Trainee: 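Shown below is the structure under consideration.
Computed from a predicted structure; not experimentally measured. For this chain, numbers begin at 1 and follow the sequence in order.
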Amino acid sequence: DAVAALLAAAPASVDERGRGGLTPLMRAAARGGAEVVALLLGAKADAEAEDEQGGTALLWAADHEQLGAIGALLDAGADTAHADREGDVALSLVCERGKRPALEGAVARLLDAKADPAAVGADGRPCLLTVAADGFDEALRLLLAAGAPVEQRDRAGVVPLIAAASCGHEGAVALLL
């Protein structure tokens with residue numbers, strides 16, 4: 001209620017910039033405040049505004065595994081293909097930092113919004129390889145069903161099957177065969 005009252009009193013400040021170029025929407029997305037994210041979007045906050053590193057609210061939500069905020073931003077049409085200056089997109093951030101069950105929900109939601117299943121993170125690791133190496137079988141299953149290439153290599157030439165086998169993830173190996 002306090003956020004709604006502030007927005008009604010000063011709607012021009014909805015895209016105010018703070019340290020690092022962060023907007024209220026980016027901060028709310030990182031904290032997982034889906035309700036606050038929805039209020040800010042309803043007040044016409046710019047979902048595609050970029051911070052000093054090229055990050056958007058969706059990238060902040062993905063980086064902090066905030067499924068509710070990710071959903072609200074995707075419902076508002078946030079761009080799943082937008083990359084920050086390091087090259088990360090929302091799907092790569094979720095795959096790099098994810099933990100069950102938020103990871104699987106976020107991957108499903110991003111893929112439903114047409115995120116590229118062949119996305120590669122700033123570290124050069126394809127999302128499929130990352131979740132295979134971490135043994136996240138459901139996320140792996142979702143990426144495979146969306147068309148992620150099983151032969152996609154990281155910068156060192158490693159494919160997802162090698163990563164899964166090296167880490168002893170039997171379920172991931174079975175999915176990749």
Trainee: Do any pairs count as a salt bridge (charged side-chain N to carboxylate O under 4.0 Å, His left out) and have a residue in residues 140-161, sequence neighbours left out, and if so which ones?
Mentor: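 For residues 140-161: E138-R141.
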
Trainee: Test of understanding: with ring-ring contact (aromatic ring centres under 6.0 Å, His included), list the residues that count as partners of H169, not counting sequence neighbours.
Mentor: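 ring-ring contact (aromatic ring centres under 6.0 Å, His included) list for H169, sorted by chain: empty.
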
Trainee: Through direct or indirect side-chain contacts below 4.5 angstrom among Ile, Leu, Val, Met, Phe, Trp and Tyr, which residues connect to L93?
Mentor: L59

Trainee: Please list, one pair per line, the donor and acceptor atoms closer than 3.5 Å that link side chains of residues 82-90 to other protein atoms, with sequence neighbours excluded.
Mentor:
residue	atom	partner	partner atom	Å
H82	NE2	G54	O	2.6
D84	OD1	E86	N	3.0
D84	OD1	G87	N	2.9
D84	OD1	D88	N	3.0
R85	NH1	E52	O	2.9
D88	OD1	S92	OG	2.9
D88	OD1	A122	N	2.9

Trainee: How long is the span from the CG atom in L143 to the SG atom in C95, to the nearest 0.5 Å?
Mentor: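 It comes to 5.0 Å.
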
Trainee: Which donor-acceptor pairs under 3.5 Å do the side chains of residues 23-44 make with protein atoms, sequence neighbours left out?
Mentor:
residue	atom	partner	partner atom	Å
T23	OG1	L25	N	3.4
T23	OG1	M26	N	3.2

Trainee: Between atom CD of Q66 and atom CG of L58, what is the distance when rounded to the nearest 0.5 Å?
Mentor: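 If we round to the nearest 0.5 Å, Q66:CD and L58:CG are 12.5 Å apart.
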
Trainee: Are E48 and D79 side-chain neighbours, meaning at least one heavy-atom pair lies under 4.5 Å?
Mentor: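 The answer is yes, as the side chains (C-beta and beyond) meet within the 4.5 Å cut-off.
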
Trainee: Less than 4.5 Å apart, any side-chain heavy atom of D51 and any of W60?
Mentor: yes

Trainee: V131, V150: one ILVMFWY side-chain cluster at the under-4.5 Å cut-off?
Mentor: yes

Trainee: Please test L129 against V159 for side chain to side chain contact (heavy atoms under 4.5 Å, CB included), starting from the C-alpha separation and ending with a verdict.
Mentor: CA-CA 7 Å; L129 186 145; V159 295; 5.7 Å; no

Trainee: What closest approach, in Å, do L140 and A132 show between heavy atoms, and which atom pair accounts for it?
Mentor: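 Of all heavy-atom pairs spanning L140 and A132, the closest is CD1-CB, 4.2 Å.
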
Trainee: List the atom pairs, donor and acceptor, that lie under 3.5 Å between side-chain atoms in residues 107-117 and the rest of the protein, sequence neighbours left out.
Mentor:
residue	atom	partner	partner atom	Å
R109	NH2	G71	O	3.2
R109	NH2	D75	OD1	2.2
R109	NH2	D75	OD2	3.4
D116	OD1	A118	N	2.9

Trainee: Shared ILVMFWY cluster between V173 and L144, side chains joined below 4.5 angstrom?
Mentor: yes

Trainee: Using atom types as modelled and distance alone, determine if a side-chain donor or acceptor of E65 lies under 3.5 Å from a backbone N or O of V94.
Mentor: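 No; judged by distance alone, with no hydrogens or angles, the pair does not exist.
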
Trainee: L175 versus D137: any side-chain heavy-atom pair under 4.5 Å?
Mentor: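 Result yes, sub-4.5 Å side-chain heavy-atom pair found.
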
Trainee: Grouping I, L, V, M, F, W and Y whenever their side-chain heavy atoms are under 4.5 Å apart, do V120 and I162 come out in a common cluster?
Mentor: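 The answer is no; the residues belong to distinct hydrophobic clusters.
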
Trainee: Taking all non-hydrogen atoms of both residues into account, name the closest pair between I70 and A62 and its distance.
Mentor: CD1-CA, 3.9 Å

Trainee: Do L103 and L128 share a hydrophobic cluster, counting only Ile, Leu, Val, Met, Phe, Trp and Tyr and linking them when any side-chain heavy atoms are less than 4.5 Å apart?
Mentor: yes

Trainee: Please say yes or no: joined through hydrophobic side-chain contacts below 4.5 Å, possibly via intermediate residues, are L176 and F136 part of one cluster?
Mentor: yes

Trainee: At their closest point, which heavy atom of A47 faces which heavy atom of L73, and how far apart are they?
Mentor: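 Taking A47 first and L73 second, the nearest heavy atoms are CB-CD2, 4.4 Å.
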
